[in-house]
Amino acid sequence: MGSFYLSTPIYYASGEPHLGHAYTTILADVLARYRRRAGDDVLFLTGTDEHGQKIQEAAAAQGVTPLELCDVMAKRFEAAWEEMGISHDRFIRTTEPEHIAVVRALLERLYDNGLVYEAEYTGWYSVGQERYFTEKEIGPDRVDPIAGGPVQRIREKNYFFRMSEFREGLIRHIEDNPEWIVPATRRNEVLGFLGQGLADLSISRPRSRIHWGIPLPWDSDQVTYVWVDALTNYVTASGAIEPGAPTEERGFGDGRRPSWWPCDVHLMGKDILTTHAVYWPTLLMGADLPLPRKILAHGWWVVGDTKMSKSLGNVVDPLDLREQYGADAVRWYLMREMPTGQDASYTPDRFLTRYDELRNIFGNLAHRTLSMVKRYRGGTVPDAPAGGLASETGRALAAYRRGLDGYRFHEGFAAAMDLARAANGFVEAREPWALAREPARAGELDETLATLVRTLAVLAAMFEPVMPVQTRELALRLGLAGVPLLADLEAADLAGHAVAVGQPLFPRVDTGISDQENPRLLDPVEPDG
RNA sequence: GCCGGAGUAGCUCAGUUGGUCAGAGCAGCGGAAUCAUAAUCCGCGUGUCGGGGGUUCAAGUCCCUCCUCCGGCACCA
């Protein structure tokens, strides 16, 4: 029992929602649902990042205002999450007045703490692209990597945050808290990064060049660098800062304001780990705010089988599978197939294998159990001891909790599926159909069915975070009001419940995806913030 | 180039602090059963645990070296 605050990155509103966004968000949703079932109060935050040059340019190209464009895009993300069953509590947008005020309050705090100075930013600027490129991007030939045109060394006024002052403190924090950045390999990378030294961070851009941003409190000719703007959303949503209050009463780390801060876990793709594990913590240190409790960087989906994608030139986007297989199946695949934190490759074949697992092991267990209760006991759960799979259930629950608590979701759900396998084995061992032929063994049959029904309730509770739709359906068929909490399972008494058989939870889908009908081009997946 | 990770059955991978650790799932082969979505269950693996060397009574499990693959190396939203 407690509270749990988790976040996805806010997604940049210049592009459509894609698999990378969806994976992070589903991961967060699974965690949010799991914590809710554990009895926690949860704040699950996601949203859109709406300032910056790309938005400004995209809006201009479409002949709309930046905000009009963002309104459309934010709705698109919200709609996508609705389709995928995402249960976020708050959808934040960086164009919200509250957020803008919090960003300015945070900047003011840094400024007041003497951590901001004015300097000249020097970089390689492409006139054609109207933007800077990094040394890496322009390469040894120093050309615009997009159009191939020339780049020139130019200077502009920026304000800088004294990030370098926090380097040693951050290193110490990472070393003292081995579980702060997970997985460990990412933690090592951050330490390696910090080991090379840490420069100060440019936190503003001239408004003459980028107007679509949050003006600095002390210099309205400069707008806030988008990353500073974006990262601050985590604090905005937490309620830790009251921008409208007098400076000394705004909150921050003084504990005077009740808030969700610090965040329990920031989830993100590995591509934006540095900003979350270096920029963000140092900014928080500078503003006297506590650091988030955990930073989890997950891997990327890569399009597997290079040969296939090369020869066919296309592959089905897993998100498109929702229409045919349902959101639960897509979520199951994404959570079960990718070891949390690592990369995984997507292939239609693997999706089908995972779907078959779901359909045959879990879906069929539910269907055969409900059918037998109906056939042998008139659809009423027998009043009999239901401890037939007690040790298997105990083991599964322990492994499940170990997995989810340890952010190894794939392991946790594998443990749940193992329990379903054990239950199928239990059916074979007890042979209810044989028991039903012998009136003298009615008690055994009752116990068998009671055990199976109870196991279905346990499975519904274990699978709910990843498959909220069908587990709810299953719970209803078991005569429950909803999916039970794990903690309530012991007390749950299903005896006497009227069950409904219904259609299979995960039906056989005949129009397979491997027949290459309706393929869609899928770019290599690189989730961004 | 520097730093880090990984190479275990056909495929995807588990394998804490060295001693039933040579495993699971999928695929394949054989069998059983019929409640169920022809869905399930049981049985079957002679794998040099990337190559080589070393430490040890004992090494996927520690050390050295080589090979291969991958990731990170900042303003990319």
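Owing to the predicted nature of the structure, the values given are computational and were not obtained by experimental measurement. Order of the sequence lines fixes the chain letters, A, B, ..., with proteins taken first and strands second; residue numbering starts at 1 for each chain.
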Selection from [options] that lies nearest to any side-chain heavy atom of [X]:
{"X": "A:Glu189", "options": "B:U37, B:C35, B:G71", "value": "B:G71"}
{"X": "A:Arg368", "options": "B:A33, B:U40, B:G71", "value": "B:U40"}
{"X": "A:Met163", "options": "B:A74, B:C75, B:C35", "value": "B:A74"}
{"X": "A:Phe193", "options": "B:G71, B:A74, B:U40", "value": "B:A74"}
{"X": "A:Tyr279", "options": "B:G71, B:U37, B:A74", "value": "B:A74"}
{"X": "A:Arg359", "options": "B:G71, B:C73, B:A39", "value": "B:A39"}
{"X": "A:Leu198", "options": "B:A74, B:C75, B:U34", "value": "B:A74"}
{"X": "A:Asn364", "options": "B:A39, B:G5, B:C75", "value": "B:A39"}
{"X": "A:Glu428", "options": "B:G5, B:U40, B:U37", "value": "B:U40"}

Task: Syn/anti label of B:G60 as read from its glycosidic torsion, with the cut at 90° from 0 - done: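 Judged by the O4'-C1' to base torsion, B:G60 sits in syn, the angle falling within 90° of 0.
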If we take the [atom1] atom in both [N] and [M], what is their distance in whole Å?
{"N": "B:U55", "M": "B:G19", "atom1": "C1'", "value": "16 Å"}
{"N": "B:A14", "M": "B:C3", "atom1": "C1'", "value": "28 Å"}
{"N": "B:C62", "M": "B:U20", "atom1": "P", "value": "15 Å"}
{"N": "B:C13", "M": "B:G47", "atom1": "C1'", "value": "14 Å"}

Open item on the list: Pick the closest RNA chain B nucleotide for A:Val226 and for A:Ala422 by heavy atoms, then say which residue is nearer the 5' end.
Closed with: A:Ala422
- [ ] Identify, between A:Ala420 and A:Ile203, the residue whose nearest nucleotide on RNA chain B lies closer to the 5' end.
- [x] A:Ala420
Open item on the list: Over 60° means perpendicular and under 30° means parallel, so tell me whether A:Tyr11 and A:Trp81 are parallel, tilted or perpendicular.
Closed with: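 Correct class here is perpendicular.
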TODO: For A:Gln222, check side-chain hydrogen bond (donor to acceptor under 3.5 Å, both in side chains) against everything at least two apart and list the hits.
DONE: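 side-chain hydrogen bond (donor to acceptor under 3.5 Å, both in side chains) check on A:Gln222 returns A:Ser204.
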Task: With sequence neighbours excluded, residues passing side-chain hydrogen bond (donor to acceptor under 3.5 Å, both in side chains) with A:Thr282 - done: none
Look at all strands and tell whether [X] reaches a base, only sugar-phosphate, or nothing, counting heavy atoms closer than 4.0 Å.
{"X": "A:Leu505", "result": "base"}
{"X": "A:Gly192", "result": "nothing"}
{"X": "A:Ser202", "result": "base"}
{"X": "A:Asp200", "result": "base"}
{"X": "A:Gly197", "result": "base"}
{"X": "A:Leu370", "result": "nothing"}
{"X": "A:Ala199", "result": "base"}

TODO: Tell me, please, whether A:Trp124 has A:Arg153 positioned over its six-membered ring: NZ or CZ under 6.0 Å from the ring centre and within 45 degrees of its axis?
DONE: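 A:Arg153 over A:Trp124 ring: yes.
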Open item on the list: Checking ring-ring contact (aromatic ring centres under 6.0 Å, His included) between A:Tyr333 and each of A:Tyr346, A:Phe506, A:Tyr23, A:Phe413, which is the one that passes?
Closed with: A:Tyr346
Any non-hydrogen side-chain atom of [X] less than 4.5 Å from a side-chain atom of [Y]?
{"X": "A:Ile10", "Y": "A:Thr94", "answer": "yes"}
{"X": "A:Arg368", "Y": "A:Val427", "answer": "yes"}
{"X": "A:Pro507", "Y": "A:Tyr325", "answer": "no"}

Open item on the list: Please determine whether side chain to side chain donor-acceptor pair (under 3.5 Å) holds for the pair A:Thr24 and A:His298, giving the CA-CA distance in whole Å, both sets of side-chain angles, and the decisive distance to 0.1 Å.
Closed with: CA-CA 8 Å; A:Thr24 311; A:His298 64 71; 2.7 Å; yes
Rounded interatomic separation in angstrom, taking [atom1] from [X] and [atom2] from [N]:
{"X": "A:Tyr346", "N": "B:U12", "atom1": "OH", "atom2": "P", "value": "17 Å"}
{"X": "A:Tyr12", "N": "B:C76", "atom1": "OH", "atom2": "C1'", "value": "12 Å"}
{"X": "A:Trp124", "N": "B:C75", "atom1": "CH2", "atom2": "P", "value": "14 Å"}
{"X": "A:Leu273", "N": "B:C76", "atom1": "CG", "atom2": "C1'", "value": "15 Å"}
{"X": "A:His276", "N": "B:C76", "atom1": "NE2", "atom2": "C1'", "value": "15 Å"}
{"X": "A:Leu231", "N": "B:A74", "atom1": "CG", "atom2": "P", "value": "18 Å"}
{"X": "A:Phe362", "N": "B:A36", "atom1": "CZ", "atom2": "C1'", "value": "15 Å"}
{"X": "A:Arg336", "N": "B:C13", "atom1": "CZ", "atom2": "C1'", "value": "9 Å"}

Task: Qualifying residues under side chain to side chain contact (heavy atoms under 4.5 Å, CB included), relative to A:Ile171, sequence neighbours excluded - done: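 Per chain and number, A:Ile171 pairs via side chain to side chain contact (heavy atoms under 4.5 Å, CB included) with A:Arg167, A:Glu175, A:Leu191, A:Leu194.
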Open item on the list: The criterion is side chain to side chain contact (heavy atoms under 4.5 Å, CB included); which residues satisfy it with A:Thr274, sequence neighbours excluded?
Closed with: A:Phe193, A:Val278, A:Tyr279
Open item on the list: Check the phosphate of B:U40 against A:Asn360, side-chain N and O only, distance under 4.0 Å to OP1 or OP2. Yes or no?
Closed with: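 The answer is yes; a side-chain N or O of A:Asn360 sits under 4.0 Å from OP1 or OP2.
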Taking only residues two or more places apart in sequence or in another chain, which ones pass salt bridge (Lys or Arg N to Asp or Glu O under 4.0 Å) with [X]?
{"X": "A:Asp418", "value": "A:Arg421"}
{"X": "A:Arg207", "value": "none"}
{"X": "A:Glu473", "value": "A:Arg477"}

Task: Listed partners of A:Phe409 passing ring-ring contact (aromatic ring centres under 6.0 Å, His included), at least two apart - done: none
- [ ] For A:Tyr234 and A:His276, run side chain to side chain donor-acceptor pair (under 3.5 Å): C-alpha distance rounded to whole Å, both residues' side-chain angles, the deciding distance at 0.1 Å, then the answer.
- [x] CA-CA 11 Å; A:Tyr234 303 132; A:His276 284 81; 2.7 Å; yes
TODO: Report, as yes or no, whether the 6.0 Å neighbourhood of atom CD on A:Gln62 holds more than 12 heavy atoms from other residues, nucleotides or ligands.
DONE: yes
Task: Of residues 447-458 of chain A, the positions that come close to RNA chain B - non-hydrogen atoms, cut-off under 4.0 Å - done: none
Open item on the list: Quick check on contacts: within residues 372-381 of chain A, what sits under 4.0 Å from RNA chain B by heavy-atom distance?
Closed with: A:Met372, A:Arg375, A:Tyr376
Open item on the list: Stem finding on RNA chain B, please: runs of three or more consecutive Watson-Crick or G-U wobble pairs, both distances under 3.5 Å, sorted by first number.
Closed with: B:1-7 with B:67-73, B:10-13 with B:23-26, B:28-32 with B:40-44, B:50-54 with B:62-66
Restricting both atoms to N or O, compile the protein contacts to nucleotides 21-26 of chain B shorter than 3.5 Å, with distance only.
{"unit_1": "B:G25", "atom_1": "O3'", "unit_2": "A:Arg421", "atom_2": "NH2", "d": "3.4"}

